[in-house]
Amino acid sequence: QPPAHSLPPTASRPQPPTHGLTLTQQPRAPVSQWSARGPAPPDARARFGRRPDGLVVAGGRLYISDKAAHCIAVFTLPEMRYELSFGSRGSGDGELCDPSGLALLSAKAEIVVADVSNHRLQCFSLVGEYTRQIGRSGRAPGCFHLPTGVETVGGDAGGGDAVLVVAERRRVQVLTSEGVPLQVVTPPLCGSLHGVSARAMRVLVADSEQRRLHEFQLQPRNLRNALL
């Protein structure tokens, strides 16, 4: 298979606040930047956490993973009012250890969490109820080692069944929504992969060590053929 295309690091770019959140309007106009130390709506600031990482919007709510508190905090939009948190430190069902990337699986109305140090994905309802686990610790396809980012592609927007694109430390996996592995890809010049984002058939994976983005293109005619 042809290698993935890697985008070089940008020479100059705005730096967001450490452990903070930047709210913007399309395409790039900043609205506000805030963190646990402020500025922010008082209720949101109190619940924001020390190490926010992944986020996803679903059903008029903003879900933010907090790696320090090992939980997911939920805020209503657009006023950013705290609503609830779910998850706690541990390795049992519904427990988290260093949660990172988040994704919405629309067909099942589930929030998918990259449970990094438990080497798995966990799924929750939109109100934080545990539903199931995907994968386990290991190196085989369908197993994970430090999964940091997760994204859904297809489904409602793309037609057919959605697939999960998961970034681990050194590789990217594509799986069905039930966790059946479809493809494993190791990007060229791979450092330490972190977040993953997808729009239509374009997938971007962040490499924090190499300070670059790895770009993949999904095959539009057969989504289950996964990454080129």
Side-chain angles (χ1 to χ4, degrees), residues 1 3-4 6 51 53-54 56 63 65-72 86-105 107-108 110-125 129-155 161-198 203-210 213-214 216 218-219 222-228:
Q1 62 188 25
S6 295
R51 292 186 62 194
D53 197 274
V56 69
Y63 299 76
S65 61
D66 186 341
K67 296 188 74 172
H70 308 282
C71 71
I72 311 301
F86 58 88
S88 59
R89 185 166 190 171
S91 58
D93 291 347
E95 296 178 333
L96 303 167
C97 190
D98 303 322
S100 185
L102 303 176
L104 170 65
L105 195 54
K108 295 180 179 292
E110 289 179 327
I111 300 297
V112 185
V113 181
D115 192 3
V116 180
S117 294
N118 284 326
H119 310 287
R120 63 186 179 183
L121 304 180
Q122 289 204 80
C123 300
F124 299 83
S125 73
E129 297 172 342
Y130 171 80
T131 56
R132 61 196 175 106
Q133 174 178 318
I134 297 176
R136 56 184 174 80
S137 179
R139 304 283 184 170
C143 298
F144 302 111
H145 178 68
L146 301 174
T148 54
V150 59
E151 181 65 287
T152 56
V153 182
D161 296 332
V163 297
L164 297 171
V165 180
V166 182
E168 299 173 72
R169 186 61 59 88
R170 302 292 184 187
R171 66 180 186 177
V172 179
Q173 286 200 68
V174 183
L175 310 97
T176 70
S177 60
E178 299 299 328
V180 178
L182 301 173
Q183 191 170 4
V184 179
V185 179
T186 301
L189 304 176
C190 178
S192 181
L193 303 181
H194 191 76
V196 55
S197 178
V203 178
L204 296 175
V205 180
D207 188 330
S208 59
E209 183 177 314
Q210 296 293 332
L213 296 175
H214 300 281
F216 302 88
L218 291 168
Q219 296 183 13
N222 187 352
L223 199 58
R224 294 192 182 280
N225 281 350
L227 298 173
L228 287 171

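Just so it is clear, the model here is predicted, and its values are computed rather than measured. Sequence positions, counted from 1, serve as the residue numbers for this chain.
- In this structure, CG on L182 lies 6.5 Å from CG on L175, to the nearest 0.5 angstrom.
- Summarising the geometry of G54 relative to L102, their closest heavy-atom pair is O-CD1, 3.8 Å, with the distance given to 0.1 Å.
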Just distance, no hydrogens or angles: give the donor-acceptor pairs under 3.5 Å from side chains in residues 136-147, sequence neighbours left out.
none

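- For the pair V116 and S100, the tightest heavy-atom approach, listed with the atom from each and the gap, is CG2-CB, 3.5 Å.
- Between the side chain of E151 and the backbone N or O of V165, no donor-acceptor pair lies under 3.5 Å.
- Listed by chain and residue number, E110, E178 satisfy the salt bridge (Lys or Arg N to Asp or Glu O under 4.0 Å) test with R132 (two or more places apart in sequence, or in another chain).
- The CD atom of E209 lies 13.5 Å from the NE2 atom of H194; values are rounded to the nearest 0.5 Å.
- Here CZ of R120 is found 4.5 Å from CG of D115. Values are rounded to the nearest 0.5 Å.
- Side-chain atoms of T131 never come within 3.5 Å of backbone atoms of S125 as a donor-acceptor pair (strictly under, hydrogens ignored).
- Under the 4.5 Å side-chain criterion, counting only non-hydrogen atoms from C-beta, R89 is not in contact with L96.
- Two residues are said to be in side-chain contact when any heavy atoms from C-beta on lie closer than 4.5 Å; S177 and K108 meet this criterion.
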| query | T148 and E168: side-chain contact (heavy atoms from CB on, under 4.5 Å), yes or no, with the steps? | reply | CA-CA 6 Å; T148 54; E168 299 173 72; over 6 Å; no
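- Contact of the P187 side chain with the L193 side chain is registered, since non-hydrogen atoms from C-beta on lie closer than 4.5 Å.
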Exercise. Could you give me the CA-CA distance, side-chain angles and deciding distance for D53 and S65, then say whether side chain to side chain donor-acceptor pair (under 3.5 Å) is met?
Key: CA-CA 5 Å; D53 197 274; S65 61; 4.6 Å; no
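- The side chain to side chain donor-acceptor pair (under 3.5 Å) test applied to S117 returns D98, not counting sequence neighbours.
- Although no hydrogens or angles enter the test, the distance criterion places a donor-acceptor pair under 3.5 Å between the side chain of S208 and the main chain of S192.
- Counting only heavy atoms from C-beta outward, the side chains of L164 and I134 approach each other to under 4.5 Å.
- Residues L104 and I111 meet the side-chain proximity criterion, which asks for heavy atoms closer than 4.5 Å.
- Side-chain contact between P99 and H70: present, with at least one pair of heavy atoms (C-beta onward) separated by less than 4.5 Å.
- Between A114 and G149, the shortest heavy-atom distance links the atoms CB-N, 4.2 Å.
- Here the CG atom belonging to D207 is positioned 9.0 Å from the CG atom belonging to L189, to the nearest 0.5 angstrom.
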